[in-house]
Amino acid sequence: MPELPEVETVRRGLQPVFEGARIVDVEQRRPNLRYPFPADFAARLRGRTVVSLARRAKYLILHLDADPVLICHLGMSGSFRIHSGESEATPGDFHYARSKDEAHDHAVFHLEDAAQARHRVVFNDPRRFGFMLFSESAALDAHPSLAGLGVEPTGNALDGRLLAGLLSGRRTPIKAALLDQRLIAGLGNIYVCEALWRAGIAPTRQARDIAADAGLCAALADAVRAVIAEAIHAGGSSLRDHIRTDGSLGYFQHSFSVYDREGQPCMRPGCGGTVARIVQAGRSTFYCPSCQA
DNA sequence: AAGTGAACCTGAAGGC
DNA sequence: TGCCTTCAGGTTCACT
């Protein structure tokens with residue numbers, strides 16, 4: 001499921017285990033995920049100390065005390081589990097994290113923290129759309145996976161004026177424009193649908209038409225920032241709940257207004273419409289034809 | 001340039 | 001019970 005809020009939730013869950021820890025060993029259990037693991041993957045990580053765990057868009061970035069930088073993407077079904085002694089937790093709990101099919105445990109990081117306690121961090125990814133790559137340089141903007149990524153929808157950078165500039169002149173449907181990682185980095189199918197519903201904008205409208213309306217751009221930028229911020233917040237609370245458990249309980253509790261609600265009543269007060277599903281660029285779009293114009 | 005569809009891969013869910 | 005089809009949070013590439 002990982003869109004930006006889920007990746008950020010995973011990052012926050014992993015951060016206390018990774019940061020400051022020494023990588024004692026790495027098990028690489030297959031040659032590739034979506035892409036081949038980097039050459040000498042385990043050997044080059046072994047012995048390094050983790051300086052920080054960052055995030056850019058849907059990418060996790062592990063900065064070490066020496067080259068390289070580890071870039072990790074969860075794809076559609078990637079997850080991490082933490083094993084610390086007796087306890088176990090899954091940071092960022094979603095569908096596939098529940099299945100503890102060890103056949104899909106593709107990489108294991110053995111860590112030792114400052115108090116010499118050992119932790120294992122296990123990467124599981126049934127569909128193997130995830131990947132791990134190295135950047136030889138700390139200048140990550142030069143890495144092919146990260147170069148060209150657009151603005152983060154967190155913080156205050158994304159406002160109506162900036163959004164208007166990004167959408168200006170584009171003939172593509174607004175749905176596709178918001179999914180374009182070169183414009184805004186980190187939105188996925190769920191939160192694009194949700195943001196368009198909040199802003200009352202039909203997903204089929206042309207991006208350039210939205211760009212021409214300053215009020216709409218401001219409303220859409222606000223909706224994007226709000227839905228991402230709320231989702232991160234919800235992920236955090238779910239994470240806390242989850243870490244108290246044995247790692248096997250509960251889905252990430254989403255409350256979607258339109259996503260996956262085809263045929264159900266629109267949740268906007270007084271609207272009375274029915275959520276519809278259409279396909280755009282091969283992907284499901286959920287929206288309310290009554291209040292999204 | 002813009003848009004679509006396919007590809008990568010496994011698993012869940014629903015119809016019959 | 002099983003077999004079949006469809007669908008899934010992402011990204012990239014090939015083609016109109």
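Just so it is clear, the values below take in all heavy atoms, side chains as well, and ignore hydrogens, waters and symmetry mates.
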- request: Mind checking A:Q181 for me? I need base, sugar-phosphate or nothing, with any heavy atom below 4.0 Å counting as a touch.
  value: sugar-phosphate

- line: note: A:N32, atom CG; B:dT10, atom P; distance rounded to Å ~ 10 Å

message: Please determine whether a side-chain nitrogen or oxygen atom of A:T172 lies at a distance below 4.0 Å from atom OP1 or OP2 of B:dA1.
response: no

query: When you match A:G282 and A:R170 each to their closest nucleotide on DNA chain B, which lands nearer the 5' end?
result: A:R170

field: CZ (A:R161) with more than 12 external heavy atoms under 6.0 Å
entry: no

query: Below 3.5 Å, does any donor atom in the side chain of A:R127 face an acceptor in the base of B:dC9, or the other way round?
result: yes

task: Rounded off to whole Å, could you give me the CZ-to-C1' distance for the A:R128 and C:dA8 pair?
output: 17 Å

Within the 6.0 Å centroid threshold, strictly below: A:F134 and A:F41: yes

field: Proximity to the side chain of A:R283 - top-ranked nucleotide from B:dG11, C:dG10, B:dA2
entry: C:dG10

- prompt: Side chain of A:H104: nearest nucleotide among B:dG3, C:dT11, B:dT10?
  reply: B:dT10

field: C:dG10 to B:dA1 separation - C1' atoms, rounded to the nearest Å
entry: 23 Å

query: Has A:N32 got more than 12 heavy atoms of other residues, nucleotides or ligands less than 6.0 Å from its CG?
result: yes

field: Rounded interatomic separation in angstrom, taking OH from A:Y59 and C1' from C:dT12
entry: 10 Å

field: Pair partner, B:dC16 [Watson-Crick or wobble, under 3.5 Å]
entry: C:dG2

- request: May I ask you to say what A:S145 touches in the nucleic acid, namely base, sugar-phosphate or nothing, with a heavy-atom cut-off under 4.0 Å?
  value: nothing

- line: Smallest heavy-atom separation, A:T9 atom then A:I232 atom, equals OG1-O, 4.3 Å

field: Value in whole Å for how far the P atom of C:dC7 lies from CZ of A:F286
entry: 10 Å

field: Between C1' of B:dT10 and CZ of A:F129, the distance in whole Å
entry: 8 Å

task: Considering just the side-chain nitrogens and oxygens of A:S77, establish if one lies under 4.0 Å of OP1 or OP2 belonging to B:dT10.
output: no

field: Nucleotide nearest A:H73 (side chain, heavy atoms from C-beta), chosen from B:dG3, C:dG10, C:dC7
entry: C:dG10

field: Protein-nucleotide distance (A:R182, atom CZ; B:dA1, atom P), rounded to Å
entry: 10 Å

statement: Between CG of A:L187 and P of C:dG10 the distance, given in whole Å, is 10 Å

message: Are A:Y35 and A:L140 connected into the same hydrophobic cluster when the rule is that any two of I, L, V, M, F, W, Y join if their side-chain heavy atoms are below 4.5 Å apart?
response: yes

query: If we take the C1' atom in both B:dC8 and C:dC4, what is their distance in whole Å?
result: 22 Å

- request: With the side chain of A:K58 defined as its heavy atoms from C-beta on, choose the nearest nucleotide among B:dG3, B:dG11, C:dT11.
  value: C:dT11

query: Quick check: does any side chain N or O of A:H106 sit under 3.5 Å from a backbone N or O of A:D125, one acting as donor and the other as acceptor?
result: yes

message: When the C1' atoms of C:dG2 and B:dC9 are compared, how many Å lie between them, rounded to an integer?
response: 23 Å

- request: Please evaluate the base of C:dT12 for a donor-acceptor partner in the side chain of A:R34 within a cut-off of under 3.5 Å?
  value: no

query: How many Å lie between CD on A:Q206 and P on B:dA1, as a whole number?
result: 16 Å

Closest to the A:N189 side chain, choosing from C:dG10, C:dA8, B:dG3: C:dG10

